Colleague: 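Provided herewith is a single structure, encoded as structure tokens, for subsequent inquiry.
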Amino acid sequence: MKFKSLGYCFVQGLKNIGRNRIFSLASVVTMSLCIFVLGLFYSITTNVSFMVDQMSESLCVKVFFEKGIAEERIESIGNSINEYDGVTMVHFTSADEAWEQYKLEYFGEEYMDLADGYADDNPLKDAASYEVYFSNADMQDDLVKYISDIDGVRRVNSSEVTADSLSEISSLVSVVSIVVLVMLTAIALFLISNTISIGIAVRDEEIKIMRLLGAHNTFIRAPFVVEGIVIGMAGAVIPVIILYAVYGNVVNYILTKFSFLSNILSFMPVTELFKVFVPMALILSIGLGLLGSFLSLNRHLKEK
Amino acid sequence: MIDLENVSKTYSTGVPALNDINLHIDEGEFVFIVGVSGSGKSTLIKLLLKELNPTSGKIVINGKNLAKIKKNKLPYLRRDIGVVFQDFRLFEDRNVYENVAFAQKAIEAPGKRIRSKVLAMLSMVGLLEKYKTNPKQLSGGEQQRVAIARALINQPAILLADEPTGNLDEANSWEIMKLLENANEQGTTVVVVTHNLEIVRAMRKRTISIENGRIVRDIEEGGNFYEI
């Protein structure tokens, strides 16, 4: 097919959509639904893994020492922990610092004088600790075991429940989204292919005459391919716009209505999310449009 | 120009349509093919257009053996063959101009020349003033003239007309035959399948009679047409 015929084929493709507007609309709606659900699950899974990553970065175990331990021993324990592969930071909190933090947390600036009775007798004198930060939630168990075995360590506090739960939620959402996506993809493919088939049936006479006049197969097929691509693209653009508008509002709503979550949850910025999602949605929808039209064309427009 | 050697066609249902046809048509000839319904005339046209393949035998058009033409070369063969049907087969969602221009667009002709060529062709068939009219608003004769303009616009070497006057009254039938004769005078080989023996006898062109899938008579131009 010649390059200059592309315009003609494009216009014919659009006309096909107009001629089968009901079926085209059904295809666009299904495709939109497919991409919308994909976007929804993608947003959830991406945000869950984003949160897991964020939590991993702030994941730490707290290490407490035997009573009356010498400062040199504490330093030596710190060095041993630092040598462990995957440990990103070790922060020491002295007993005095621990008491200051406790006072601030429980009495606040306003009632700080209530703690004056302990001025010379730090009730947390055995509460000096290391906060050990590490890169991956999966290494927590081994790290805790390693630290617990170090001589002079009394207790190691960890937060494995949260990390495990988030990982499990992320996996569950991924599995559900793949299942739903496969189902919707199959429906979208069927509907697009059907729409193109009806377009071919409607233009059957025109196609026969085109063949008799000596039109090339690619010239005859191109408008239907255009039809598939346009339906696919429309099915992607609509949900992308809706999701873009909805995402920011939903995040704001969650953080405003459930303000206590704002310390726990950190959502991915919309621009970051859509940097991956938009090309993904376009590739999927255009791919489905192309596949749907090729399936119909191969079924109905084979030259005998 | 057109050669058929021992061509037979039997449909998959087992019905024989053509039986051992041998035929030669020279470049620039005007040939009538006559016969009753079911005699095999339309099958012959479909074989020439390679809409069907023969069960046996060889068909050569313009020196090309149809059996050896690859699928992707088929459009080039068809560009050399114009077709006119009894039921016109015009697009009712397009006007006269667009119907004729469609033939040029289908072969991806240079866009700049399409308009002038279409208008010239419509002028030749006497429909220039109606170029914006929808085919539904035209008489049967006028619709067939549009179909002829569409068949001739790509300047085919051969024009196949399958019952072109089948749906027309006598006056319109003669106008259509006149147009086909004009095309022939300009060098196009014309093959007309028809029932209209009055026209065949009056025009005294070469006439091939088919009965039960066999050629039973081949009367040369100017011959004794009262045999048919």
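Proteins get letters first, then strands, A, B, ... in listed order; numbering begins at 1 in each. On a predicted model such as this, the values are computed, not experimentally measured, just so you know.
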Colleague: Just to verify, what does N65(B) make a side chain to side chain donor-acceptor pair (under 3.5 Å) with, not counting sequence neighbours?
Modeller: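 Counting only residues at least two positions away or on another chain, N65(B) forms no side chain to side chain donor-acceptor pair (under 3.5 Å).
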Colleague: Within residues 92-100 of chain B, which residues come under 4.5 Å of chain A, heavy atom to heavy atom?
Modeller: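 Against chain A, the residues of residues 92-100 of chain B that fall inside the cut-off (heavy atoms, under 4.5 Å) are D93(B), R94(B).
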Colleague: Between L212(A) and E51(B), is there a side-chain heavy-atom distance shorter than 4.5 Å?
Modeller: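 Yes - at least one pair of side-chain heavy atoms lies under 4.5 Å apart.
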Colleague: Roughly how far, to the nearest 0.5 Å, is the NE2 atom of H216(A) from the NZ atom of K71(B)?
Modeller: 15.0 Å
Colleague: For F10(A), does the CZ atom sit with more than 12 other heavy atoms under 6.0 Å from it, leaving out its own atoms?
Modeller: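 At most 12 heavy atoms, drawn from other residues, nucleotides or ligands, come within 6.0 Å of this atom.
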Colleague: Once you round to the nearest 0.5 Å, how far does CE of M210(A) lie from CZ of F102(B)?
Modeller: 4.5 Å
Colleague: To the nearest 0.5 Å, what is the distance between CG on L90(B) and CD1 on I209(A)?
Modeller: 7.5 Å
Colleague: Does atom CZ of F190(A) have more than 12 heavy-atom neighbours from other groups under 6.0 Å away?
Modeller: no
Colleague: Is the number of heavy atoms from other residues, nucleotides or ligands under 6.0 Å of K117(B) NZ greater than 12?
Modeller: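 Yes, NZ of K117(B) has more than 12 neighbouring heavy atoms, counting only those of other groups under 6.0 Å.
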Colleague: Taking atom CD of E185(B) as the centre, report whether more than 12 heavy atoms of other residues, nucleotides or ligands fall under 6.0 Å from it.
Modeller: yes
Colleague: Not counting sequence neighbours, list each pair that qualifies as a side chain to side chain donor-acceptor pair (under 3.5 Å) and has a residue in residues 22-43 of chain A.
Modeller: S27(A)-T195(A)
Colleague: Taking CE in M124(B) as the centre, count heavy atoms belonging to other residues, nucleotides or ligands within less than 6.0 Å. Is the count above 12?
Modeller: yes
Colleague: If you count heavy-atom pairs under 4.5 Å with chain B, which of E205(A), E206(A), K208(A) comes out on top?
Modeller: E206(A)
Colleague: Closest approach of G214(A) and R79(B), non-hydrogen atoms and distance?
Modeller: O-NE, 2.8 Å
Colleague: Could you tell me which residues in residues 134-159 of chain B have at least one non-hydrogen atom under 4.5 Å from a non-hydrogen atom of chain A, sorted by residue number?
Modeller: R150(B), N154(B)
Colleague: Between L52(B) and chain A, with a heavy-atom cut-off of 4.5 Å, which part of the residue counts as in contact: side chain, backbone, both or neither?
Modeller: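 The answer is neither part of L52(B).
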Colleague: As an exercise: rank R89(B), E108(B), K105(B) by heavy-atom pairs under 4.5 Å with chain A and give me the winner.
Modeller: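 Of the options given, most contacts go to E108(B).
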Colleague: What closest approach, in Å, do L213(A) and A103(B) show between heavy atoms, and which atom pair accounts for it?
Modeller: CD1-CA, 3.6 Å
